Amino acid sequence: MKYKLGIDVGGTFTDFLLVDENGDHNIFKSLTTPKNPFGGVNAGLNKIAEFTGKTNGDFLSSLELIVHGTTITTNATLTRNGVKTAFITTKGFRDILNMRRGLRSRQYDSRYEPPPEFIKRRDIFTVTERVDCKGNILESINEEEMREIIERIKKNGDYKAIGVSTLFSYVNPENEKKIGKMLRKAFPDVYVSLSHEILPQVRFYERNSTIALNAYVGPILSEYLDRAEGGLQKDGFEGLLLIMQSNGGVMSPEMSSRFAVNTLLSGPAGGPVAGQFVSGIHGLNNIITVDMGGTSFDVCLIKDGQPAITTEGDIGGYRIALPTLYIETIGAGGGSIASVDSAGLLQVGPQSAGASPGPACYGLGGTEPTVTDADLILGYLSPDYFHGGDLMLDKNAAVKATDEKVAQRLGITVNEAANGIYQMINSNMAMGVKLVSVSKGHNPMDFAMVVAGGAGPIHAAPIAKEMDIPLIIVPRGSSVFCASGMLMSDLKHDYVTTYTSEFSKIDINRVNQICKKLLAEAKDTLQKEGIRPENILSLFSADIRYLGQFNEVNIDLSFNESESFGEDNVKYLNKLFHKTHDSLYGYSLPNAELELINIRLQAVGKTEKPAFRESPRQSSDASHALKNNRQVFFYGKFMSTPVYDGLLLKHGNIVFGPAIVEEPTTTIVVPPDFDLTCDSHDNYLLHRKDQNLEEVISILKERLQ
């Protein structure tokens, strides 16, 4: 038997999805081990090998594919534990990296401080060189200065990485290439990151920040991948290892090491990919994916089958200018800590109890009340069936923590305090949904909500109700949703070239030359990664703005490699830009001059996806899955509520609310005014009782038109 395995290392748990060659899949989890990043992965691999009845070596040799999402670079950046990094730039611009844009991120918060610099000023070096904005070399590299810088770096002796970003290297990289050549000769064992190789585009601060981050975390990721890949191969793994990246695609370990910055936001990127598969079963292309784990809540909007993309991402306050999935992340998870502030108001999150010590009910030393503790008190969670019974929950500890830290300070009962925690975290997550929908000009009523994460389905119905979202889809095995999406991801690489021109003066030949060059580089990379030419998809786009504006809008070029860019494409872009600008910002200026800034290419290498077996249709009767009844809190009171075994529910079964559906790694709460139906892949569809499921799906499809 051959297998494919998705691995998602989260803040609390490491998730695994194992799919065999018949399309059957199984879910596994292990606690994340932050101090030993591969420890949690190894623990999970051992557990899976035992499940398959194989030795570790035999199991690894049966794996055809491992897709790995890692938080190595994310954690290193957020905790500022990257390697000691030197940074080299053009003389006169030493402080650009740490000055950022000189703007306060929170204009009206007098106490706000920008994040501390991750590269100190003493580690930033400047060299005499100058290229003008048209690419003319006004002053070549002062090699004597470069030799002095190299000696200063050597004298220090403990730099592990060097980032280089000169002023106009994106137009003409000749000077920067000379710097890179000298550095790589002098420091063969040091990680060198050059801006023209990583991000050849306009905007000096954003480019500097991206390159500096790439250098800051690159050696850490390279070392981790070398150890992981070497250890797996030593133990018998002979398959393909791919790494999840922030744009929703995967790449080889070699490319990951070179473009480490592409993994900074890779953790939640698998979710939207899996969401597209699950919603596609019902022909729905407009969805909002939400993923609530132990630490955070991730939200992404997908319209017309395309996830929202941004080139203005940031992590810990540091800018990343590479294309990433637009995912809003807020500190709202099962481990989010509830407290009462100095004004006597209830607060939930963003601080989290994480995996260690965890919520009070885990019995691992945690003493702070969390969302998980509140869910247990309210009856949504079973103390005897958390993680399939592997972890017994201590309700008394949850009650004690909630009473001492919240209820007594507010002068209310424990049940009222737990309900307050539940309602507040739901409100916080609904705000996250608004950020990707209403704030971007989209009506949530036009979207289905795909819910994932171990805690997400417990809170899904109140969020959907507040946002008027008509349909909730909870995938079977939603707690490993991102790991599932990783197995469905294609290889993806993003390329960019800056070409600034007013629309009336666009050089058509220049645009075609740029597209041809980008495409050749993309094909070369993908073919080296084993992708056949017929499986390569090229998606061109352009960054455009009104002349005089600061921010641009990304617009699809809508032509393929067999065509040439022409005047018709310019007219099309003009029309589409005004329409898109109006949708995003509420106005457009049809007679205003437009300006082209960047030409982009996303090259997609289609990969073989695992098959997921469909389930034969059964009757609507779900009584065979009934486990027991327990008291559950709904709308101000406890009521006797049937509890169902989710693994026994099959295609066509209907569960009428109120109800609880339990899987080993997640729980679905069905309020009294909702019903649940299983689809052809045994996923759960929740909708309001006063609405017909088929009509809801039909209306959502009509809104796609």
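Just so it is clear, the values below take in all heavy atoms, side chains as well, and ignore hydrogens, waters and symmetry mates. Remember, it's a predicted structure, so these values are computed and weren't measured experimentally.
Annotation: side chain of N175 is not in contact with side chain of S169 (no heavy-atom distance under 4.5 Å). No side-chain heavy atom of L435 sits under 4.5 Å from any side-chain heavy atom of V299. With a 4.5 Å cut-off on side-chain heavy atoms, K160 and T85 do not count as touching. By the 4.5 Å heavy-atom criterion applied to side chains, N551 and R545 are not counted as neighbours. Within the 4.5 Å cutoff, the side chain of L547 has heavy atoms near those of the E502 side chain.
Side chains of H578 and N574: a donor-acceptor N/O pair is present below 3.5 angstrom, by distance only. Counting only N and O atoms by type, the side chains of N214 and Y191 include a donor and acceptor under 3.5 Å apart. Side-chain atoms of E129 and T90 form a donor-acceptor pair, as typed in the model, at a separation below 3.5 Å. For the residue pair T89 / T126, no side-chain donor-acceptor distance below 3.5 Å is found, with atom types taken as modelled.
In this structure, OG1 in T498 is found 5.5 Å from CD in Q201, a value given to the nearest 0.5 Å. For the atom pair OH of Y326 and SG of C300, the computed distance is 9.5 Å after rounding to the nearest 0.5 Å. Rounding to the nearest 0.5 Å gives a distance of 12.0 Å between CZ of R207 and CG of L322. We find the CD-CG distance between E552 and L594 to be 12.5 Å, quoted to the nearest 0.5 Å.
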| task | Go through the steps to decide whether D123 and F118 satisfy the test side chain to side chain contact (heavy atoms under 4.5 Å, CB included), and finish with yes or no. | result | CA-CA 10 Å; D123 299 319; F118 58 93; over 6 Å; no
| field | M449 and I287: CA distance, side-chain angles, deciding distance, side chain to side chain contact (heavy atoms under 4.5 Å, CB included) verdict | value | CA-CA 6 Å; M449 186 167 74; I287 61 172; over 6 Å; no
| task | Go through the steps for N98 and E117 under the test side chain to side chain donor-acceptor pair (under 3.5 Å), then give the verdict. | result | CA-CA 6 Å; N98 292 330; E117 64 272 19; 5.3 Å; no
| request: Give the intermediate values and the outcome of side chain to side chain contact (heavy atoms under 4.5 Å, CB included) for residues I220 and V83. | output: CA-CA 7 Å; I220 295 174; V83 301; 3.8 Å; yes
| Stepwise side chain to side chain donor-acceptor pair (under 3.5 Å) test for T166 and R130 | CA-CA 8 Å; T166 55; R130 184 55 65 94; over 6 Å; no
| said: Between S504 and E593, is the side chain to side chain donor-acceptor pair (under 3.5 Å) condition met? List the steps. | reply: CA-CA 8 Å; S504 59; E593 179 65 80; 3.3 Å; yes
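Among residues two or more places apart in sequence or in another chain, the side-chain hydrogen bond (donor to acceptor under 3.5 Å, both in side chains) test is passed with R510 by none. For N554, the side chain to side chain contact (heavy atoms under 4.5 Å, CB included) partners at least two apart in sequence or on another chain are S541, D543, R600. In this structure, the ring-ring contact (aromatic ring centres under 6.0 Å, His included) partners of F577, at least two apart in sequence or on a different chain, are Y546, H581. Judged as a side-chain hydrogen bond (donor to acceptor under 3.5 Å, both in side chains), and not counting sequence neighbours, the contacts of D494 are N247, Q602. Legend: residues meeting side-chain hydrogen bond (donor to acceptor under 3.5 Å, both in side chains) with D291, ordered by chain and number and at least two apart, are absent. The side-chain hydrogen bond (donor to acceptor under 3.5 Å, both in side chains) check on T73 picks up T263, with sequence neighbours excluded.
Put simply, the side chain of N286 gets close to the backbone of D304: a donor and an acceptor are under 3.5 Å apart. A donor-acceptor contact shorter than 3.5 Å links the side chain of T74 to the backbone of L264. Side chain of R94 to backbone of I124: a donor-acceptor contact under 3.5 angstrom is found. In this structure, S583 contributes its side chain and K579 its backbone to no donor-acceptor pair below 3.5 Å. S209 places no side-chain N or O within 3.5 Å of a backbone atom of Y205 that could act as its donor or acceptor partner. Of the possible donor and acceptor atoms, none in the side chain of N512 sits under 3.5 Å from a partner among the backbone N and O of N509. For the pair R121 (side chain) and D95 (backbone), a donor-acceptor distance under 3.5 Å is absent.
Between Y159 and F125, the ring planes lie perpendicular to each other; the angle is over 60°, past the 30° to 60° tilted range.
The shortest heavy-atom contact between R203 and E206 is CB-OE1, 3.4 Å. For I544 against F503, the heavy-atom pair with the smallest separation is CD1-CZ, 3.6 Å. Nearest heavy atoms, D556 versus Y572: O-CE2, 3.7 Å. Looking at every heavy atom in both residues, T607 comes nearest to D490 through N-OD1, 3.0 Å. Contact between L199 and A321 at its shortest, heavy atoms only, is CD2-CB, 3.5 Å. In this structure, S489 and M244 approach most closely via the heavy-atom pair OG-CE, 3.4 Å.
Under a cut-off of 6.0 angstrom, the local environment of CE in M431 is sparse, with at most 12 non-hydrogen atoms contributed by other residues, nucleotides or ligands. Remark: K492 NZ is packed, more than 12 non-hydrogen atoms of other residues, nucleotides or ligands lying under 6.0 Å away. Enclosure of atom CZ in R147 by more than 12 non-hydrogen atoms of other residues, nucleotides or ligands within 6.0 angstrom is indicated.
Screening residues 173-187 for salt bridge (Lys or Arg N to Asp or Glu O under 4.0 Å), with sequence neighbours left out, gives R184-E197. For residues 306-321, no residue pair satisfies the side-chain hydrogen bond (donor to acceptor under 3.5 Å, both in side chains) rule, not counting sequence neighbours. Under the salt bridge (Lys or Arg N to Asp or Glu O under 4.0 Å) criterion, the residue pairs touching residues 76-87 are K84-D158, with sequence neighbours excluded. Pairs passing the side-chain hydrogen bond (donor to acceptor under 3.5 Å, both in side chains) check and including a residue from residues 429-441, sequence neighbours excluded, do not occur.
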Donor-acceptor contacts under 3.5 Å from residues 250-258 side chains, at least two apart:
{"from": "S252", "atom 1": "OG", "to": "E254", "atom 2": "OE1", "distance (Å)": "3.4"}
{"from": "S252", "atom 1": "OG", "to": "M255", "atom 2": "N", "distance (Å)": "3.3"}
{"from": "S252", "atom 1": "OG", "to": "E529", "atom 2": "OE2", "distance (Å)": "3.0"}
{"from": "S256", "atom 1": "OG", "to": "S252", "atom 2": "O", "distance (Å)": "2.9"}
{"from": "S257", "atom 1": "OG", "to": "P253", "atom 2": "O", "distance (Å)": "3.1"}

Side-chain polar contacts of residues 133-143 - donor-acceptor pairs under 3.5 angstrom, sequence neighbours left out - could you list them?
{"from": "N136", "atom 1": "ND2", "to": "D132", "atom 2": "OD2", "distance (Å)": "3.1"}
{"from": "N142", "atom 1": "OD1", "to": "E144", "atom 2": "N", "distance (Å)": "3.1"}
{"from": "N142", "atom 1": "OD1", "to": "E145", "atom 2": "N", "distance (Å)": "3.0"}

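Only one option out of N598, V171, I514 pairs with T497 in a side chain to side chain contact (heavy atoms under 4.5 Å, CB included); it is I514.
Taking the six-membered ring for Trp and the full ring otherwise, the centers of F168 and H196 sit at least 6.0 Å from each other.
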